[in-house]
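Hydrogens, waters and symmetry mates play no part in the numbers below; they use all other heavy atoms, side chains included.
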Amino acid sequence: MLAAKPVPPVSTIRRSSLFARGESMVWMTGVSLALAIAMVVGLLAIVAVRGGATFWPQAVERLETVDGRAVMGELHDVDTYEPEAHVFDAIADDAQREAARARVAAAGGETARRFLRTGNRSPSQREGFHWVQDFEIVRSSEPEWALTIERREWGRFYGIPVAFAEGESRTATTPEDAWAAFVAHHEEALDSWIAAAELEEETVSPLDGKIEASRQLARGVENEYGSGSPEHQAALARHAQVEQVTRVERAAAAARVEDLRARGGRYALILETADGAEHAVRLVDIVRAYPANRLGWWQRLGVYAARWWEFLSADPREANSEGGVWPAIFGTVILTMLMTILVVPLGVLGALYLREYAKQGALVSMVRIAVNNLAGVPSIVFGVFGFGFFCYTIGAGIDEVFFAENLPNPTYGKGGILWAALTLALLTLPVVIVATEEALAAVPASMREGSYACGASKWQTIRRIVLPRAMPGVMTGMILAIARGAGEVAPIMLVGAAKMAPALPVDGSYPFVHPERSFMHLGFHIYDLGFQSPDAKAAEPMVFTTTLLLISLVVVLNLVAISIRGRLRRRFVDGQ
Amino acid sequence: MTESGTVPRVRPQAARLGGVFEAVSAGLPYETATHEAMAPKEAIVNIRDFDLWYGATRALYRIALDVPRGEVTALIGPSGCGKSTLLRSVNRMNDLIATVRIEGDMRLDGESLYSAGVDVIELRKRIGMVFQKPNPFPMSIYENIAYPLRIDGVKDRKVLDEVVERSLRSAGLWDEVRDRLDASALRLSGGQQQRLCIGRAIAGNPGVLLLDEPCSALDPIATGRIEDLIQELKGQYTILMVTHNMQQAQRASDNTAFMYLGRLVEYGPTQDIFVGPRLKETEDYVTGRFG
């Protein structure tokens with residue numbers, strides 16, 4: 001009889017190696033993922049916190065220094081450093097200099113310095129920020145009536161109201177009365193300002209347009225009959241007559257506008273600044289004012305909400321560093337949607353041909369590789385291509401044929417939202433093609449066969465069976481394209497994004513859609529705020545806020561696409 | 001040749017043709033043993049000297065088969081013997097494979113299926129097909145059945161309603177789904193899906209139904225229902241089916257064709273093939289001694 005082979009006791013079985021059991025790989029993969037998550041969360045947290053804090057109204061501090069200087073403003077930043085010996089030389093008085101030195105030495109050689117946003121910029125005073133060393137501060141306070149004023153131009157103004165002026169007469173004498181008078185008249189002043197702007201838009205601008213149209217008419221005649229021809233002479237004469245009559249009308253309209261504007265412009269708030277000087281600020285120049293140190297929590301929240309609303313809904317002011325970003329939001333959304341509308345059909349049709357019709361072989365493989373490589377081309381290259389091809393070739397061609405009378409001013413022969421959308425469509429085309437091809441390949445062969453067996457043609461099978469089934473995959477491509485396209489800045493800088501373009505690409509004036517117009521874009525806006533702003537420090541918080549907005553916008557666009565994809569998937573794949 | 005059925009265990013034919021497998025393996029000519037009982041039946045599909053290649057690989061050799069009208073004909077044989085290939089040649093589904101090349105001819109009601117002027121799309125509308133795995137389209141039950149009409153451009157709701165109801169009744173599915181025609185077909189069970197596919201195949205009112213192992217993915221109860229359905233449909237439709245299941249061939253079919261390595265080995269009434277096959281190879285296969 002054969003004896004059964006003895007089984008070794010478990011404790012003597014050689015333990016498998018660490019690598020074989022995979023524990024180390026679990027740790028490595030886990031740590032890698034944790035790092036990736038930490039980076040993403042960190043980025044989002046920084047953007048959310050700094051971007052979200054921008055509009056919160058801060059207290060106004062008044063600091064007096066040993067040399068008798070006084071500054072007033074909002075605390076922007078604080079940092080701690082070790083001052084070098086010569087820093088103290090700025091203090092003129094010997095005793096005080098020694099006292100400051102002793103204070104810093106007692107604190108271990110370290111001191112803080114505050115970066116104060118002091119505002120009150122003017123043509124003669126261009127610096128809106130001040131550093132104040134902690135050791136030179138002799139008194140700090142938060143004056144009860146210190147006002148934070150957001151001006152239409154030149155940024156914020158900090159001061160204590162001392163009087164209210166209506167024309168030449170002064171009405172209030174205490175801060176309280178002056179503030180009350182401001183509250184009572186601010187809206188009226190702004191209304192008259194807005195009414196003046198609207199009247200100008202309604203009466204003066206059309207007259208300007210009329211003169212321009214008449215000029216173009218004459219130009220058209222010149223193009224057709226030649227310069228100096230009798231027809232041209234007659235057209236010029238007609239133009240001169242029209243211009244003369246219209247100019248008179250225009251002057252009258254402009255006078256009415258000026259009158260309206262002056263009605264609001266006669267109110268002013270007289271403020272005392274930190275250094276004791278008095279300044280008058282016209283009410284029409286004030287966007288928003290609030291006594292920062294008197295606000296309760298709810299009032300602060302009100303200011304915060306009002307600023308967010310202005311940010312989301314208004315046009316930018318002050319070289320984009322103040323006001324809103326509505327045109328940029330609008331431009332970004334329209335550009336992204338236009339890009340999607342252009343790229344999805346093109347990509348889907350291209351992928352359909354590649355996957356369904358083309359004979360699979362070396363040529364198709366090469367095309368596929370080329371398409372994939374297109375996704376790796378630096379985006380600025382697409383910008384250069386779009387500029388050279390769309391703007392200068394196609395756009396210029398359109399101008400010559402359809403808009404000859406505007407030349408040499410280009411209509412389509414320059415950057416515009418259509419060209420930017422086409423450029424981005426080209427940029428995101430590989431993403432859509434690759435995703436669509438994969439989705440098409442994933443459609444079960446049994447479904448196609450079922451359709452063919454019913455007597456369906458190839459196109460019927462594609463349209464009724466394959467495409468619906470592949471739609472969720474196409475949507476994935478679309479989502480990737482949106483995510484890539486909405487954030488691209490480099491290419492659109494060349495093909496139509498503008499620093500300032502208050503005229504939206506879609507508006508109420510005929511023909512309502514203006515694909516040739518330049519547009520604002522949040523991505524470009526961020527670049528512009530951060531690196532092109534004349535007052536970069538004041539714009540810095542806005543960089544974060546705009547970034548927060550851009551990220552949110554891309555997330556929203558993606559969520560919409562993802563929910564559509566989920567619905568399609570439930571319908572065509574899960575069958576709910 | 002002697003009368004079939006009268007030969008009990010040892011048959012002279014078996015002795016004479018017993019070397020079919022060897023002959024096939026050696027590439028020697030062989031002869032399909034077609035029972036005489038098939039001769040008087042009126043054929044709807046005639047397959048004549050049909051050869052098929054996948055690229056350089058030959059899959060079918062000189063197939064000659066007449067499918068009788070209104071009856072159920074089963075194709076049996078070991079895996080890879082070319083049953084499905086032959087079936088898919090009847091509605092020219094093999095056209096979808098670029099490397100396929102054929103010789104010989106097939107006729108449906110006397111019309112050639114492979115001559116130059118044939119519109120494959122119209123042809124497939126006359127020959128319905130059901131596949132191994134149920135393949136409902138990702139749309140509603142109603143639209144699945146209406147699909148063959150939709151692609152013909154039928155929009156009249158009354159016509160569609162009528163066809164959907166008639167097809168679902170024929171497929172034995174109407175009572176189960178009449179309340180949820182707008183529900184997605186993907187929500188049905190496997191057996192229901194397969195009956196839906198049969199309903200879809202007959203919605204276009206074809207003359208011939210091709211069933212490619214229609215029960216291989218189904219449980220025994222669902223299989224039983226499909227077999228019942230096949231019995232109900234025969235007469236109205238000519239059915240050509242591939243099956244791996246000997247009992248199913250025996251239960252459901254009138255005629256059986258045994259294929260091996262791309263050749264049609266024996267063809268005759270099901271009863272004769274199972275009870276008194278001419279060839280030893282056939283007997284070995286249907287009794288489970290080989291294959």
Let me have the donor-acceptor pairs involving side chains of residues 66-76 of chain B, under 3.5 Å, with sequence neighbours excluded, atom names and distances please.
unit_1: B/Asp66; atom_1: OD1; unit_2: B/Asn46; atom_2: ND2; d: 3.1
unit_1: B/Asp66; atom_1: OD1; unit_2: B/Arg48; atom_2: NH1; d: 3.4
unit_1: B/Asp66; atom_1: OD1; unit_2: B/Arg48; atom_2: NH2; d: 3.0
unit_1: B/Asp66; atom_1: OD2; unit_2: B/Arg48; atom_2: NH2; d: 3.0
unit_1: B/Arg69; atom_1: NE; unit_2: B/Glu42; atom_2: OE1; d: 3.3
unit_1: B/Arg69; atom_1: NE; unit_2: B/Glu42; atom_2: OE2; d: 3.1
unit_1: B/Arg69; atom_1: NH2; unit_2: B/Glu42; atom_2: OE2; d: 3.3
unit_1: B/Arg69; atom_1: NH2; unit_2: B/Asp109; atom_2: OD1; d: 2.5
unit_1: B/Glu71; atom_1: OE1; unit_2: B/Lys41; atom_2: NZ; d: 3.1
unit_1: B/Glu71; atom_1: OE1; unit_2: B/Asn255; atom_2: ND2; d: 2.9
unit_1: B/Thr73; atom_1: OG1; unit_2: B/Asn255; atom_2: ND2; d: 3.4

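Proximity to chain A is limited to the backbone of B/Pro136, based on heavy atoms less than 4.5 angstrom apart. Neither the backbone nor the side chain of B/Arg126 comes within contact range of chain A; no heavy atoms are under 4.5 Å apart. Proximity to chain A is limited to the backbone of B/Ile127, based on heavy atoms less than 4.5 angstrom apart. Heavy atoms of B/Leu96 lying under 4.5 Å from chain A belong exclusively to its side chain.
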Discussion item. Please determine whether salt bridge (Lys or Arg N to Asp or Glu O under 4.0 Å) holds for the pair B/Lys83 and B/Asp212, giving the CA-CA distance in whole Å, both sets of side-chain angles, and the decisive distance to 0.1 Å.
Written reply: CA-CA 9 Å; B/Lys83 310 180 293 289; B/Asp212 189 356; over 6 Å; no
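Here the two rings, on B/Tyr114 and B/Phe50, have centers that are under 6.0 Å apart.
Between the side chains of B/Arg187 and B/Gln192, not a single donor N or O lies within less than 3.5 Å of an accepting N or O.
The backbone N or O of B/Asn91 lies less than 3.5 Å from a partner atom in the side chain of B/Arg124, making a donor-acceptor pair.
Top candidate by heavy-atom pairs under 4.5 Å with chain A, chosen from B/Lys133, B/Glu143, B/Arg150, is B/Arg150. In terms of heavy-atom pairs under 4.5 Å with chain B, the best-connected choice from A/Arg448, A/Lys458, A/Met447, A/Arg469 is A/Met447.
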